[in-house]
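Report on one structure; see the data block that follows.
Note that this is a predicted model, so its numbers are computed, not measured.
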Amino acid sequence: MMDMTEKTPIQGYVPPSGSKTHLHQPSMLTWEIIRKGLAYILKGKMMVPNSHIPPAAHDIPADFAGVGVATSGDPEVDDYVIARLEELGLRQARLDFSYGDIDHNAARLLEKLLDREYNIILHLVQPFDAAIAMEQAAAQQAWQAFLQQVLDRYGSRVTMVEIGSTVNRKRWAGYTPQGFLKAWEIAHHEVKRRNITLAGPNISDFEPLYNIGMLEIFRQRNQLPDIHTNNLFSERSTEPERFDYRILKYRQAAALKFNLIKKARLLHKITRDYGGA
């Protein structure tokens with residue numbers, strides 16, 4: 001359902017006029033990220049024996065499962081969402097929150113979830129046109145103002161704040177390499193000075209060069225997240241357990257054994273190597 005309500009503007013943020021596609025976006029896969037990723041891989045750090053098989057006696061934490069939630073202009077949708085969470089027995093939920101969402105539909109659902117003591121991952125997302133302009137001072141100031149406004153209101157009540165949204169997909173997220181690093185720098189400062197758990201940077205799919213490269217850059221800048229996040233997709237059209245044929249094609253799929261379990265375990269190893277959770 002489309003939300004047609006007028007949203008509260010962020011002070012200093014003026015969406016650019018014209019098409020957003022005319023702006024040049026350099027690749028997010030910079031040589032710096034490639035070098036850092038390859039240095040890690042060539043040291044053998046991605047070699048984990050039998051990583052396509054779950055480890056024995058592996059404990060599943062009580063808060064392992066959660067879902068993303070959203071709502072509409074109808075408050076009854078909030079109640080429906082909460083009823084489904086109760087039906088599933090879930091206490092963890094992730095909510096996208098962007099410019100203009102304060103005092104509107106997402107905020108209304110968020111307040112209801114927090115009042116019921118749900119564990120909330122608050123995912124703070126910039127609009128595309130704001131993300132693509134993040135090398136400019138005005139966009140940086142607007143992002144900082146948004147963070148301050150949201151964190152002052154909700155920061156002490158949420159479980160964590162996530163920054164980044166499929167940042168390795170420039171035409172989805174909108175970022176340039178330097179623009180995202182500036183967005184992360186500002187967010188890291190605002191989140192950590194309030195002693196809030198920081199999650200990110202939300203890499204899409206299994207592309208570990210990005211994970212390694214960005215975490216190494218963050219480490220060098222003393223800006224590592226507390227929790228490393230990744231949108232790891234399963235093979236929904238067939239079965240999640242199958243080996244990924246897109247990695248060196250069909251002939252190598254059975255030899256490399258890149259299934260969902262192996263991808264998750266390797267990402268977990270990268271996370272632990274950088275001191276995260």
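The side-chain heavy atoms of Ile217 and Glu32, taken from C-beta on, include a pair separated by under 4.5 Å. Contact annotation: the side chain of Phe258 never approaches that of His52 to less than 4.5 Å [non-hydrogen atoms, C-beta and beyond]. At a threshold of 4.5 Å between non-hydrogen side-chain atoms, the residues Leu38 and Ile34 count as touching. Between Met134 and Leu181 the shortest side-chain heavy-atom distance does not fall below 4.5 Å. Proximity of Asn211 to His228: side-chain heavy atoms (C-beta onward) are separated by under 4.5 Å at one or more points. When side chains are defined from C-beta on, Leu209 does not count as touching Lys36, because their heavy atoms never get closer than 4.5 Å. Side-chain atoms of Leu122 and Glu162, non-hydrogen and from C-beta on, never get closer than 4.5 Å to each other. Using a 4.5 Å heavy-atom cutoff, the side chains of Leu215 and Pro225 are in contact.
Ser51 contributes no side-chain N or O that, together with a main-chain N or O of Lys262, makes up a donor-acceptor pair within less than 3.5 Å. At least one donor-acceptor pair under 3.5 Å links the side chain of Asp101 to the backbone N or O of Ser98. In terms of modelled atom types and a separation under 3.5 Å, the side chain of Arg265 and the main chain of Asn50 share a donor-acceptor contact.
Ring pair Phe97/Phe146 is parallel by interplanar angle, where below 30° counts as parallel and above 60° as perpendicular. Aromatic ring orientation, Phe218 versus Trp184: parallel (interplanar angle below 30°, classes split at 30° and 60°). Below 30°, between 30° and 60°, or above 60°: for Tyr40 and Tyr274 the angle between ring planes is below 30°, a parallel geometry.
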>> One pair to check against side-chain contact (heavy atoms from CB on, under 4.5 Å): His189 and Lys192. What are the steps and the verdict?
In response: CA-CA 6 Å; His189 172 75; Lys192 296 313 297 178; over 6 Å; no
> Taking it one step at a time, do Arg169 and Asp205 satisfy side-chain contact (heavy atoms from CB on, under 4.5 Å)?
Replying inline: CA-CA 10 Å; Arg169 300 286 185 262; Asp205 217 334; 3.9 Å; yes
> Are Asp152 and Arg194 close enough, and set up right, to give a side-chain contact (heavy atoms from CB on, under 4.5 Å), and what steps lead you there?
Replying inline: CA-CA 9 Å; Asp152 286 346; Arg194 292 171 172 81; 2.9 Å; yes
>> Using side-chain contact (heavy atoms from CB on, under 4.5 Å), reason through Val167 and Tyr210 one step at a time and then give a plain yes or no.
In response: CA-CA 9 Å; Val167 296; Tyr210 285 102; over 6 Å; no
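At a threshold of 4.5 Å between side-chain heavy atoms, the hydrophobic network of Ile, Leu, Val, Met, Phe, Trp and Tyr places Ile270 and Met47 in two separate groups. One hydrophobic cluster holds both Ile163 and Ile33 under the rule that ILVMFWY side chains link at heavy-atom gaps under 4.5 Å. Criterion: ILVMFWY side-chain heavy atoms under 4.5 Å apart, direct or through other members. Under it, Ile121 and Leu232 are not part of a common hydrophobic cluster. Residues Leu95 and Leu147 share a hydrophobic cluster, clusters being chains of Ile/Leu/Val/Met/Phe/Trp/Tyr side chains in contact below 4.5 Å. Put simply, Trp172 and Val125 are part of two different groups of oily side chains (I, L, V, M, F, W, Y) that touch within less than 4.5 Å, one to the next.
Of all heavy-atom pairs between Tyr118 and Leu90, the closest is CE2-O, 3.2 Å. Here the closest heavy-atom approach between residue Ala139 and residue Ala130 is recorded as CB-O, 4.1 Å. Nearest heavy atoms, Met28 versus Asn168: CB-CA, 4.4 Å. Closest non-hydrogen pair, Ile102 versus Arg153, comes out as CG2-NH1, 3.4 Å. In plain terms, the two heavy atoms of Leu114 and Ile120 that are nearest each other are CD2-CG1, 3.8 Å. Closest heavy-atom contact between Lys170 and Phe128: O-CE1, 3.7 Å.
Side-chain contact check for Gln25 and Thr176: no donor-acceptor pair (N or O, by modelled atom type) lies under 3.5 Å. A donor-acceptor contact under 3.5 angstrom links the side chains of Gln92 and Asn119, judged on distance only. Side-chain contact of Asp96 with His123: a donor-acceptor pair under 3.5 Å is present, judged by distance alone. A side-chain donor from one of Asn231 and Asn202 sits under 3.5 Å from a side-chain acceptor of the other. For the 3.5 Å distance criterion, the side chains of Gln136 and Lys182 fail to qualify, holding no donor opposite an acceptor.
Tested against Leu198 for a side-chain contact (heavy atoms from CB on, under 4.5 Å), the candidates Ile227, Leu224, Val191 yield a single pass: Val191.
Within 6.0 Å of CD in Glu87 there are more than 12 heavy atoms belonging to other residues, nucleotides or ligands. Crowding of Gln220 atom CD: a count of heavy atoms from other residues, nucleotides or ligands under 6.0 Å exceeding 12. Asp59 CG: 12 or fewer foreign heavy atoms inside a 6.0 Å radius. Shown here is Arg272, whose CZ atom has no more than 12 heavy atoms of other residues, nucleotides or ligands within 6.0 Å.
Under 4.0 Å is where a charged nitrogen must lie from a carboxylate oxygen, and between Glu216 and Arg219 at least one such pair does. Between Arg108 and Glu111 there is no salt bridge, since no side-chain nitrogen of the basic residue lies less than 4.0 Å from a carboxylate oxygen of the acidic one.
Rounded to the nearest 0.5 Å, atoms CG (Asn105) and CG (Asp78) are 7.5 Å apart. How far CD of Gln148 is from CD of Glu190: 4.0 Å, rounded to the nearest 0.5 Å.
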